[in-house]
Student: 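Could you have a look at this structure, given as structure tokens, before my questions?
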Amino acid sequence: MKNVDKRKKNLSFTLIAIVIGFMIAIQFRTVKEPEVRDTRDTWQLRDDILKQNELQLKLIREVQSHEAKIAQYETELKHSKEQVLRDTLEELKEEAGLTEVTGYGIILSIEPVMEDLLIGKTVSNVSPDLLKRLVNELNMYEASHIAIDNQRLINTTVIRDINNETKIDGHSIKKLPFEIKVIAEDAKGAEKLYNRMQVSKSADEFFVDNLRVKVIKPEGKITIPAYQNAIRIRDMKPVDPEKGGNS
Amino acid sequence: MWLPVLGLIIGVILGLFTEIKVSEEYANYLSIAVLAGLDTLFGGIRAQLQNIYDEKVFVSGFFFNIVLAASLAFLGVHLGVDLYLAAVFAFGVRLFQNIAVIRRILLTKWTSNKEKTEKN
């Protein structure tokens with residue numbers, strides 16, 4: 001009985017001793033952090049500051065040189081042939097009508113005459129001849145970009161009658177009213193265009209067809225979408241550089 | 001008697017080899033817990049030598065002292081008073097007393113043993 005008691009006593013002593021040892025070791029590790037003391041004197045500190053300053057200066061110089069390089073690259077890019085070509089391409093695309101255009105302009109709303117509707121006359125389609133005439137007139141008054149019913153007009157656009165449907169490059173105008181968006185050179189041009197369209201002759205022609213042209217001048221800029229179809233050029237070929245010379 | 005010493009060594013080795021580190025904020029708590037543990041250990045040894053050892057008292061004293069010391073330190077931190085110093089003081093005094101008693105008991109044992117052998 002006494003032996004068992006003694007063993008039990010020893011066991012608990014040992015366990016607690018292990019726990020205490022463990023705790024002491026952890027505490028030892030925690031407290032005994034490698035302490036790095038700063039033992040430099042004034043002159044050494046000055047030296048270090050000097051070194052750091054030099055490093056800073058070097059870094060600033062490096063940054064400056066990199067920035068100069070970036071600027072140089074940018075100017076080179078601006079003046080390089082590639083950029084010129086890119087710019088030209090962009091200009092040509094804009095001219096051909098392949099880009100969306102935003103600018104000052106007017107909106108012409110073509111709508112049926114209400115009075116005639118009351119009488120019972122059916123409003124037929126707007127005829128392609130009338131549209132052509134209107135577009136010509138707009139071009140005469142220096143319109144830069146035109147879109148009929150959100151279909152952009154380009155140089156090769158055809159307005160024609162197919163099976164009694166007026167089609168603009170395959171886009172048919174079925175419902176009335178529709179809008180013709182016109183962008184002029186600038187705000188002044190838009191103003192001029194507006195004034196001229198107010199007294200335009202083609203508006204009278206439209207009235208003969210029971211259609212009314214309403215000229216609206218929006219406050220801000222208007223946007224004309226890009227030409228959606230692919231431009232097919234059938235009868236043109238690129239110039240052969242061999243024959244044309246290497247200029 | 002050598003078993004607890006071995007346990008202490010094993011514990012130290014275990015603690016050194018495991019990569020456990022207590023963060024700076026809790027170092028205080030751990031130090032006070034270590035102090036409480038040591039106090040209990042020496043109290044146990046003294047009781048053993050005086051033949052008044054009680055296992056229940058020993059084991060419960062160990063855990064209770066640690067918890068009490070840690071909570072005292074915790075309270076001190078939150079009250080803005082270094083209350084853990086009270087625990088350090090109490091345990092320190094008791095540690096010294098216990099060690100002194102152990103020394104005296106061992107001394108008397110040693111001298112009586114010596115006298116016995118001389119008599120023989």
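Computed from a predicted structure; not experimentally measured. Here is how names work: the chains are called A, B, and so on, in the same order as the sequence lines, proteins then strands, and each is numbered from 1.
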Student: Can you confirm whether A:K217 is buried at NZ, in the sense that more than 12 heavy atoms of other residues, nucleotides or ligands lie under 6.0 Å from that atom?
Tutor: yes

Student: For A:Y141, I'd like to know if atom OH has over 12 heavy atoms of other residues, nucleotides or ligands within 6.0 Å.
Tutor: yes

Student: Should we say atom CZ of B:F58 is surrounded by more than 12 heavy atoms from elsewhere, each under 6.0 Å from it?
Tutor: yes

Student: For the CG atom of B:L16 and the CZ atom of A:F22, what is their distance to the nearest 0.5 Å?
Tutor: 10.0 Å

Student: Using a cut-off of under 4.5 Å for heavy-atom pairs, which of B:Y53, B:F17, B:Y26 has the most such pairs with chain A?
Tutor: B:Y53

Student: For the atom pair CD1 (B:I10) and CD1 (A:I18), what is the distance rounded to the nearest 0.5 Å?
Tutor: 5.0 Å

Student: Set out, in order, the CA-CA distance, both residues' side-chain angles and the distance that settles side chain to side chain contact (heavy atoms under 4.5 Å, CB included) for A:I16 and B:L41, then state yes or no.
Tutor: CA-CA 8 Å; A:I16 282 175; B:L41 196 68; 4.3 Å; yes

Student: Counting neighbours of CD on A:E111 that are heavy atoms of other residues, nucleotides or ligands and sit closer than 6.0 Å, is the number greater than 12?
Tutor: yes

Student: Are there residues of residues 60-71 of chain B that reach to under 4.5 Å of chain A by heavy atoms, and which ones?
Tutor: B:F62, B:I66

Student: Please examine the side chains of A:I26 and B:L30, heavy atoms only from C-beta on, and report whether any two atoms are closer than 4.5 Å.
Tutor: yes

Student: Could you tell me whether A:D41 atom CG has more than 12 heavy atoms of other residues or ligands within 6.0 Å of it?
Tutor: yes

Student: Out of curiosity, A:M23 CE to B:L35 CG, how far, rounded to the nearest 0.5 Å?
Tutor: 9.5 Å

Student: Would you say CD of A:E165 has more than 12 non-hydrogen atoms from neighbouring residues, nucleotides or ligands within 6.0 angstrom?
Tutor: yes

Student: Do A:I24 and B:L38 make a side-chain contact, defined as non-hydrogen atoms from C-beta onward lying under 4.5 Å apart?
Tutor: yes

Student: Calculate, to the nearest 0.5 Å, the distance between atoms OH and CD belonging to B:Y29 and A:Q27 respectively.
Tutor: 13.0 Å

Student: Check B:V12 against A:A25 and note the closest heavy-atom contact, atom names and distance.
Tutor: O-CB, 3.4 Å

Student: Let me know if B:T40 has heavy atoms under 4.5 Å from chain A in its side chain, its backbone, both or neither.
Tutor: neither

